[in-house]
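Everything on this sheet refers to the single structure shown next.
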Amino acid sequence: MGKIDWKKPEDRERLWHSSSHVMAAAVKQLYPGTKLAIGPAIEEGFYYDFDVEKPFKPEDLEKIEKRVEEIIKSNERFEKSEVSKKEAMELFKGEPYKIELINELPGSKASIYTTGSFVDLCKGPHIESTLQIGAVKLLRVSGAYWRGSEKNKMLQRIYGISFPDKKQLKQWVHLREEAEKRNHLKLGKELDLFSMHAEAPGCVFIHAKGMVIWNALVGFWREEHRKAGYVEIKTPAILKKTLWEQSGHWDHYKENMYFTQIDGEDFAVKPMNCPGGILVYKTKRHSYKELPLRIAELGEVHRHELSGVLNGLFRVRKFTQDDAHIYCTEEQIEQEIGKVIELVDRFYKAFGFPYQVELSTRPLKAMGSRQVWDRAEDALKKALSKKKMQFKINEGDGAFYGPKIDFHIRDSLGRTWQCATIQLDFSMPEKFGLEYIGSDDKPKRPVMLHRVIYGSMERFLGILIEHYAGAFPLWLSPVQAAVIAISDKHNAYAEKVCREMDQAGIRAELDARNETVSYKVRDWQKQKANYILVVGDREKKQGTVNVRQRNGKVVGAVKVKKLAEKLLKEIESKK
RNA sequence: GCUCUCGUAGCUCAAUGGCAGAGCACGGGUUUUGUAAACCCGGGGUUGAGGGUUCAAAUCCCUCCGAGAGCUCCA
């Protein structure tokens, strides 16, 4: 019997796909009326979709898992055979989903796999025997639409994962528990960074400590944008319906917008910042000499997302975009894209995020001429190539008004997030009749570039919490130094140290509580303060603090001034 | 929006039809502390909301609200 090579993706796929068959077999044995849909291997594990009368309960999963284990032990072989479509139809009589699939098969044959008494329509490949599945765990059950369309019936999907041996399962479970410890909702509560309330579903309440991180992010953002030649504006949240009709949001985005009436007139809460920004652009005549105009806005937008898609800080209804709109000539597109790419790279390097780039091109229903699109796509490609960027092309995935570049960062849990995006827009300038005066004294239409880097401040904060597991680098950390007085005799000195650190520009917090040193050290360690400074008689006499690093290492006595200098350097380095 | 699961003190959780509890946190006191939890005492609840079944409901049923995991969606 061949060995499963865990490192080979194709072997994992064989194992998982086979496991899904075994699970389907178990379900069929336990619930004979069940209709089978499909059961593929996925990135991590497998699932099988079932059409059942009653949805599975968690207890059912245990039962199914037990039966799966029994089937595995019985050493069933995976046997492939080819039958005619007609035979297949006969074989899968009473399985409407399989019949639908058979009907769509090209040619006259169908490939089937038999495992014991279980038969499935399947191309394979599979493992040889169920004995090769060393350990299985069924993870969860959820609804899933047949063929992924909400118009179809909702089936019951069971997710699972399997391994060649039990030890690997144990490791995997352990890893998952570790990952769960960095869950941003949990850490957000423990570290007092933010909260969410039933009174405002999908909205975030950012606490004082969370705001420290937020402001550090904004500070970095402002500094980098200033250096990159941006100016910053602020536009209102509530704007008249007529503006949204003009921008096209009324037609295309109404479902996701919040509305209100004031003095008998309709208003909408902005879901995007561009129309407001455009009004600012239009307050005066612009010359070609001013272009490119880079106008940034930390814009708070509201989008009425479906209740089921809300997800902690990752998907919210009210969020802050680190938006910017660049108005430029067509000739300037390439250069401007290049500059945005550089900016994005600088940001992600600062946080240690690896990222991938995707380019989305002209969709079927596109606005503007093919030539303009070709030039625009060309400009995007050239800008990427010039930066020696590897990128994936998503044909036809662009917005209707222009092609776009997306940046996907990978977080510590291995999930990818689309954060930064650069979108070319020929549509808005048209709709709003934007102009600049060219060197020939004739009015011209500028191209508009929409871009974000963090994407959403709220989501980026969530990603950072998990990325760093709550242990923020010094420049972002809410409490950079906690000063612990050994007894209340030392409170005055501790307070002095705290003040000195504070005046040097370090976020220091005094802990003069009537508790033991151990208690306070433990507390600050849990709060992930970067440095814990213990002061008692010795330190008071020498004008020092006793430094303990976040990793638990006690460095020893350091003069207050020296420590402040060292920390400032560390903050400066953003490490 | 759809499917499943969940909602008990500020937090983490217990109580499975029969007196709503524990630890932490919080308040008061003792203690004056040297690097991951000192000790004693105390306050704290319309069990998410509303309705129903029952002699009796945190527990069973229905509706609503909220959350989590998925599905669908994602300018």
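Small disclaimer: the values here were computed from a predicted structure and weren't measured. Proteins get letters first, then strands, A, B, ... in listed order; numbering begins at 1 in each.
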For [X] and [N], give me the distance from atom [atom1] to atom [atom2], rounded to whole Å.
| X | N | atom1 | atom2 | answer |
| --- | --- | --- | --- | --- |
| A:Glu180 | B:U12 | CD | P | 12 Å |
| A:Ile486 | B:A38 | CD1 | C1' | 16 Å |
| A:Tyr47 | B:U72 | OH | C1' | 13 Å |
| A:Gln527 | B:U35 | CD | P | 21 Å |
| A:Lys553 | B:A36 | NZ | P | 16 Å |
| A:Tyr145 | B:C2 | OH | C1' | 3 Å |
| A:Glu305 | B:G1 | CD | C1' | 12 Å |
| A:Asp511 | B:U35 | CG | C1' | 13 Å |

When you check the phosphate oxygens OP1 and OP2 of [N], does a side-chain N or O of [X] lie under 4.0 Å from one of them?
| X | N | value |
| --- | --- | --- |
| A:Lys57 | B:U5 | yes |
| A:Lys189 | B:U12 | yes |
| A:Asn311 | B:A69 | yes |
| A:Ser142 | B:A69 | no |
| A:Arg157 | B:A69 | no |

Residue pairs passing the salt bridge (charged side-chain N to carboxylate O under 4.0 Å, His left out) test with at least one member in residues 189-202 of chain A, sequence neighbours excluded, are A:Lys186-A:Glu190
Nearest to side-chain heavy atoms of [X], which nucleotide of [options]:
| X | options | value |
| --- | --- | --- |
| A:Arg548 | B:G66, B:C73, B:A36 | B:A36 |
| A:Glu539 | B:G66, B:G70, B:G34 | B:G34 |
| A:Leu306 | B:G34, B:U30, B:G1 | B:G1 |
| A:Asn546 | B:A67, B:A37, B:G34 | B:G34 |
| A:Tyr519 | B:A38, B:U72, B:C71 | B:A38 |
| A:Asn514 | B:U35, B:U3, B:U31 | B:U31 |
| A:Pro55 | B:G1, B:U30, B:U3 | B:U3 |
| A:Val534 | B:U35, B:U33, B:A36 | B:U35 |
| A:Thr516 | B:A36, B:G70, B:U33 | B:U33 |
| A:Glu515 | B:A38, B:A67, B:U35 | B:A38 |

Canonical and wobble pairing (Watson-Crick, G-U, under 3.5 Å) of RNA chain B, dot-bracket with |:
(((((((..((((....[..)))).(((((.......))))).....(((((..]....))))))))))))....
Just call it for [X]: base, sugar-phosphate, or nothing, with non-hydrogen atoms closer than 4.0 Å on any strand.
| X | value |
| --- | --- |
| A:Gly552 | nothing |
| A:Gly402 | nothing |
| A:Ser518 | sugar-phosphate |
| A:Val309 | base |
| A:Gly308 | base |
| A:Glu190 | nothing |
| A:Leu155 | nothing |

Could one point to a donor on the side chain of A:Asp488 or the base of B:U33 with an acceptor on the other under 3.5 Å away?
no
Side chain A:Arg140 and base B:A69 donor-acceptor under 3.5 Å
no
For atom [atom1], what is the distance between [N] and [M], given to the nearest Å?
| N | M | atom1 | value |
| --- | --- | --- | --- |
| B:U59 | B:U46 | P | 16 Å |
| B:G28 | B:U53 | P | 48 Å |
| B:A22 | B:U30 | P | 26 Å |
| B:U8 | B:A67 | P | 14 Å |
| B:U16 | B:G21 | C1' | 16 Å |
| B:G48 | B:A36 | P | 40 Å |
| B:G43 | B:C61 | P | 36 Å |
| B:G50 | B:C55 | P | 23 Å |

Evaluate salt bridge (charged side-chain N to carboxylate O under 4.0 Å, His left out) for A:Glu500 paired with A:Lys496, printing each intermediate quantity in order.
CA-CA 6 Å; A:Glu500 276 176 40; A:Lys496 182 168 161 264; 3.6 Å; yes
So [X] and [Y], would you call those rings parallel, tilted or perpendicular, with 30° and 60° as cut-offs?
| X | Y | value |
| --- | --- | --- |
| A:Phe314 | A:His184 | tilted |
| A:His325 | A:His450 | perpendicular |
| A:Tyr258 | A:His302 | perpendicular |

Tightest non-hydrogen contact, residues A:Trp16 and A:Ser162, listed as NE1-O, 2.8 Å
By a strict heavy-atom criterion of less than 4.0 Å, which residues belonging to residues 447-461 of chain A are in contact with RNA chain B?
none
Flag yes if more than 12 heavy atoms outside A:His197 fall under 6.0 Å of its NE2 atom; otherwise flag no.
yes
Given the side-chain rings of A:Tyr253 and A:Trp244, with only the six-membered ring counted for Trp, is the space between their centroids under 6.0 Å?
no
Is the distance from the ring center of A:Phe50 to that of A:Tyr31 below 6.0 Å?
no
Map A:Tyr253 and A:Ala485 onto RNA chain B by nearest heavy atom, then report which one ends up closer to the 5' terminus.
A:Ala485
With nearest nucleotides of RNA chain B determined for A:Val141 and A:Gln423 from heavy-atom distances, which residue corresponds to the more 5′ nucleotide?
A:Val141
Stepwise, does the salt bridge (charged side-chain N to carboxylate O under 4.0 Å, His left out) test hold for A:Glu336 with A:Arg451?
CA-CA 11 Å; A:Glu336 283 308 302; A:Arg451 44 109 289 179; over 6 Å; no
Among A:Tyr454, A:Phe460, A:Phe407, A:Phe347, exactly one meets side-chain contact (heavy atoms from CB on, under 4.5 Å) together with A:Cys419. Which residue is that?
A:Phe460
Would A:Leu533 and A:Val547 count as a side-chain contact (heavy atoms from CB on, under 4.5 Å) if you check the C-alpha gap in whole Å, the side-chain angles of each, and the deciding distance to 0.1 Å?
CA-CA 5 Å; A:Leu533 315 178; A:Val547 179; 4.0 Å; yes
